[in-house]
Every structure is written in structure tokens, then in C-alpha cells.
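A quick write-up on the structure given underneath.
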2 protein chains.
Amino acid sequence: MIWVNVRPALPGLRVGVQNRVSMTSAEPSRQAPADPCADCDARGESVCNAIGDEFLPRLAEATQVTHIEPGQCFITEGEKADAFFNITAGSAKLYKLMADGRRQITGFAVRGHFLGLAVSATYAFSAEAIEPVRLCRFPRAKLFRLLADFPALERRLLERAATELVAAQEQMLLLGRKTARERVASFLRAQALAAPCGRPRAMVALPMRRGDIADYLGLTIETVSRTLTRLRAEGIIEIPDQTRVLLRDPARLARAAEG
Amino acid sequence: MIWVNVRPALPGLRVGVQNRVSMTSAEPSRQAPADPCADCDARGESVCNAIGDEFLPRLAEATQVTHIEPGQCFITEGEKADAFFNITAGSAKLYKLMADGRRQITGFAVRGHFLGLAVSATYAFSAEAIEPVRLCRFPRAKLFRLLADFPALERRLLERAATELVAAQEQMLLLGRKTARERVASFLRAQALAAPCGRPRAMVALPMRRGDIADYLGLTIETVSRTLTRLRAEGIIEIPDQTRVLLRDPARLARAAEG
DNA sequence: GCATTTCATTGATCTGGGTCAATGTGCGAC
DNA sequence: GTCGCACATTGACCCAGATCAATGAAATGC
């Protein structure tokens, strides 16, 4: 039994940190603003917006802006959890591995996602960039100090955690009880809704590989592919290219996602 | 395709609330203590222990002690989420249902478990007592006032949510990628560890039905039963009666839970 | 006591989705 | 261009676990 949809690439590859705060000169410039948090285009979607504008320097002091290339791993399951992350651009996959290589992707993270909430001393999952990722790295101690000083931030994190728990329960239902067709249909619907920008869209971006979708839905690459082909044959979706799907008939897709 | 391991019983049955605080007379008695929180035998395992002894009257004022009989439902998916719950005795199952009756149990809750963290206006899951449950019911508004006044409580809830998220990810791995044998073995191990009292025990209590285990592990009753029988035949476990399992060979059970 | 109900176990058979294998289909390098 | 590589798709076949069907084994009622 071989379930490995992972390519043999570089697990746990570590990535250089680019600390914009300390690198920045006194006068702001277009490339490297004096205060990365003030100019942050992900502030609207991020938990950090619980911190008022007047305290942005304090926030900026606690974080480091980092860039991750596709395929690179920036969190490794089992390693010491010494930092938290807020994704401000790009997309990543979060996953757990078994000893024999079986993989379960537990979620995809996009702009505004906060990672690393684990209480434990070590990370419970790994995270790898799909598209180029820009993220803010918060050393553990600094984040805790922020949490102590800004109760609103803690409240925001609690809300996030609760939302993720609800999503996790929905995913358990999918993995435990849905058919392959229902899983793929549910996934397409969820991706349409979860798009970083606003309301549901007919054109869904799928930056991840088929193998990633398979490992997220508890299926094989072949079943994902066949199911997409069948949905297309039924006129429910179109597949202009490998990374995009057009939802032609959202109502029938919704029905396909349930019984 | 029929997956329904639910018996046709009374969904959404509501339960009378016994408010001990207001019912209690001025002088404490053995049956109905003046301050239920001061005498709470679940305080050690509960989030409320973030609130110092000196504020226990305030805590007691915010909650109602309630008793739920086995089979009765005290949270119903989709209903208005107007309260939170802390279980102080007994055990319950948490689950999501599909329109055709397919059910996924997302977890079992025992003493110390805090339920209802959903941000949304409605509950994302249902909860039904397995053994007689005693719980503290916190009206939404009162809990929020507590949270505002006791940051330590909020921190505790955040820790709980993070822990549950980690457990949910582990369960996704189980549901998405493990074989029936691995699932049952993982479940038995987890139950041995999650016992309300202290460290792992060889004798594991299984108060839930086989159908509940099946709906938790994404299997059928028959597969759960056959798998338990096989583990017994191999000398890994003993099954003195339907509600208990003795782990004879924890090491081999651990191996059975992985590859 | 016996009848009834509920739940668990066991066996026989079936099937959705996994496995194995071959065939597209870009896309970057040269 | 065309070679090579990485993915995705498609087809043939198989098997773990679901389904269907009895049969045990406790618990409850009368």
C-alpha cells in the first residue's frame, strides 16, 4: 500500500529570515517601508488588526517579515515550536505525515491565516509553501508579551481558533462519511467561498497539485482526477487549465456535495 | 447506501434546567452546597480554575448546574448558540449529521470538557449524553462578561481550543489515511490516555456503543466489531464485557496504530 | 419464568475507490 | 524545434471494508 503523493523533495528545508525592521533605514522608501505593519496589505484579514494603529510600531517590533519559495517548508512537525506565523501573501499547505509516508493535508492557508497555535512545545503539523509565501514571524516570547498587553488580540485568536475548530469538524464529516464525489464537490465549493477576496466566485483557483487535493480529501490522485472529469462531463464544472476550475452550475455542485 | 448508526430516538430533545444557585437555601447542606463552584469536584480539570477561589461566587452566579440523562441531546446543530457548557461528570458524544442520516462523531466529551466555542450564531454540532451528564451551563452574555473580567479564563480557553485543534488534525489523519485496524488501535490507545483520571490505564472504559465508535472512526459497526475480535484473537486486547477493553500488549497495540 | 427489544458478533457477498500501468500534456532547457 | 521532466488523465483490475443477513447475548417488561 503506497499512498505517498509527496514528491521526494527536501523535507524540513529551512529558510532564511529577512528582518525588514532592523534592515530598514530611518527614512521610509517604497521597497522597505519604515513600518511594515502600517503598510501591510493583509492587515484587514489578519488578527493583528486587533491592535490599534497607534501601537503599530510595537507590533512591528515583535515580528519579522519572511519570504518562502514554493516547495519550501517553514514549519516542521515535531520540531520545537519557537514561533508563530501570520501569512500575508501566497498560499501554503498544512499536513501531517505517517512513518511510511502517508500524508494528510489538514488545511490550506492563505492571506490572513495565523499558524502555530499549538500549546505543545512542538509543532503538530508541517507547513509548506505552494505559491510564494510572505509571512510575519512572531517569536514565541514576543507574541506572548503582545497577548498580555493586548487582550483584543487574544480574543481575536480565540475567535480564529473556534472558527478553525468548526472547519475541522466539517472536514471530519467529509473524511469519515462522504463519497469521493461529495468530497470533491464540497472542496470546490469551499474553495470558491474561501477565496481571499470577498464573496464566492465562479472561477476557483487551485494553486495546489492534484496530489495535494487528494491528500486533503483522503483520496488518491487518480480518484480526484476521475471525479473532476466526471463533473466536467456532466456540465457542472469547466477546467480551463490545471490550476483553475469554473463552476458552471453551483446549484448542482451543491447537490453533489451532499447526498 | 445506509450509514445510519443512530437509533431513531428523540433528536433535539430539550432538557429541564436545575438552577442550583437559586434553589439553594442560605445554610449549606450536603446535597445542595451554597456555592457549587467551591465544592466542584471537576474544578481541577476545568477552565474555570483560571478564576481564583476568591471570585467563586461570581463564577457560580454565571452558571447553572444541569443534569442530562443518557440519550438526551443538550446541544443541537444549527440551533441558536445561546450558551456554553462545561461538563463536570459523565460523558457525551459530539456529532454532525448529514441530511440522509449519515453521522460523524467528532469527539467524546468527559469531565472538564468545555463545549460551544463556536463564534457563529448557531452550534456547529450536536451533543448527546452517553452516561448521565452533569454540566454547568453558561449563558452567552454571562460568559462574555466573565471573559472580559478574567483574562486568565480567556487564555485558558485559547489553550483548550489549541489543544482541540491538534486533536482534530490527528483525527483527520486517522479518517483520511489510516486503515480500519489502525483506526481501532489508535482509538483504544487514545481512550487509555484520555481517561479522566490521570495516567494511561490498561483497562479502558468504552461507555459508548459500537455504532458510536464506528461513526467516530469513519467505519461501520461490523468493521469495528470484527477488528476488535481480531485484536483479541491476536492477544493484543481482552474484552471482558461490551463496555470495557483490557490492553494486554500496549506495545503491539501501538504498532498496530501506525504502519 | 418467557417475550421483547436492543446491541454485538459473525458470515457471505458486493462495490467504491485504490492499485498498477500506460498515455496524454504542458513547459523549460538547449 | 525536440528532449526531458513533472503532472494529469485514462483504463484494467483488485481488495478493504461496506452491505446484507443471520445468529448470539444482555437487558427490560410483564
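So you know, we letter chains A, B, ... as the sequences are listed, proteins then strands, and number each from 1. Just so you know, these numbers use all the heavy atoms, side chains as well, and skip hydrogens, waters and symmetry mates.
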Subject >> Residue-phosphate contact under 4.0 Å: T220(A) side-chain N/O, dG17(C) OP1/OP2 >> reply: no

**OP:** Inspect the contact between R209(B) and D215(B) and indicate whether a charged nitrogen and a carboxylate oxygen are less than 4.0 angstrom apart.
**Re:** no

**OP:** Examine distances only and state if a side-chain atom of E238(A) and a backbone atom of R248(A) form a donor-acceptor pair shorter than 3.5 Å.
**Re:** no

**OP:** Give the rounded distance in Å between these two atoms: CZ of R209(B) and C1' of dA27(D).
**Re:** 13 Å

Original post:
Rounded to whole angstroms, how far apart are CG on L228(B) and C1' on dG17(D)?
Top reply: 15 Å

Original post:
Rounded to the Å, how far apart are R102(A) CZ and dG18(C) P?
Top reply: 13 Å

**OP:** Starting from C1' on dA26(D), measure out to CD1 on I239(B) and report it in whole angstrom.
**Re:** 16 Å

Subject >> Whole-Å gap separating C1' (dC7(C)) and CG (D241(B)) >> reply: 13 Å

**OP:** Could you grab the distance from atom CG of L219(A) to atom CZ of R177(B), nearest 0.5 Å is fine?
**Re:** 7.0 Å

**OP:** Return no unless some side-chain N or O of R210(B) is found under 4.0 Å from OP1 or OP2 of dT9(C).
**Re:** yes

**OP:** Respond yes when some side-chain nitrogen or oxygen of T223(B) is under 4.0 Å from OP1 or OP2 of dA18(D), and no when none is.
**Re:** yes

Subject >> Along DNA chain C (nearest heavy atom to each residue), the more 5'-positioned of Q242(A) and A180(A) >> reply: A180(A)

Original post:
Should the ring pair F85(B) and Y123(B) be called parallel, tilted or perpendicular, given that the plane angle runs from 0 to 90° and is split at 30 and 60?
Top reply: tilted

**OP:** Kindly say if S225(B) contacts the phosphate of dT10(C), meaning a side-chain N or O under 4.0 Å from OP1 or OP2.
**Re:** no

Original post:
For I213(B) and dG17(D), what is the distance between atoms CD1 and P respectively, to the nearest whole Å?
Top reply: 17 Å

Original post:
What is the distance, rounded to the nearest whole Å, between atom CZ of R230(B) and atom P of dG17(D)?
Top reply: 9 Å

Original post:
I221(B) side chain: which of dT9(C), dT9(D), dT10(D) is closest?
Top reply: dT9(C)

Original post:
Could one point to a donor on the side chain of E222(B) or the base of dC20(D) with an acceptor on the other under 3.5 Å away?
Top reply: yes

Subject >> Sequence neighbours excluded, every pair satisfying side-chain hydrogen bond (donor to acceptor under 3.5 Å, both in side chains) that has a member inside residues 225-236 of chain B >> reply: R181(B)-E234(B)

Original post:
Is the shortest side-chain N/O distance from R226(A) to OP1 or OP2 of dT10(D) below 4.0 Å?
Top reply: no

Subject >> Protein-nucleotide distance (R177(A), atom CZ; dG17(C), atom C1'), rounded to Å >> reply: 16 Å

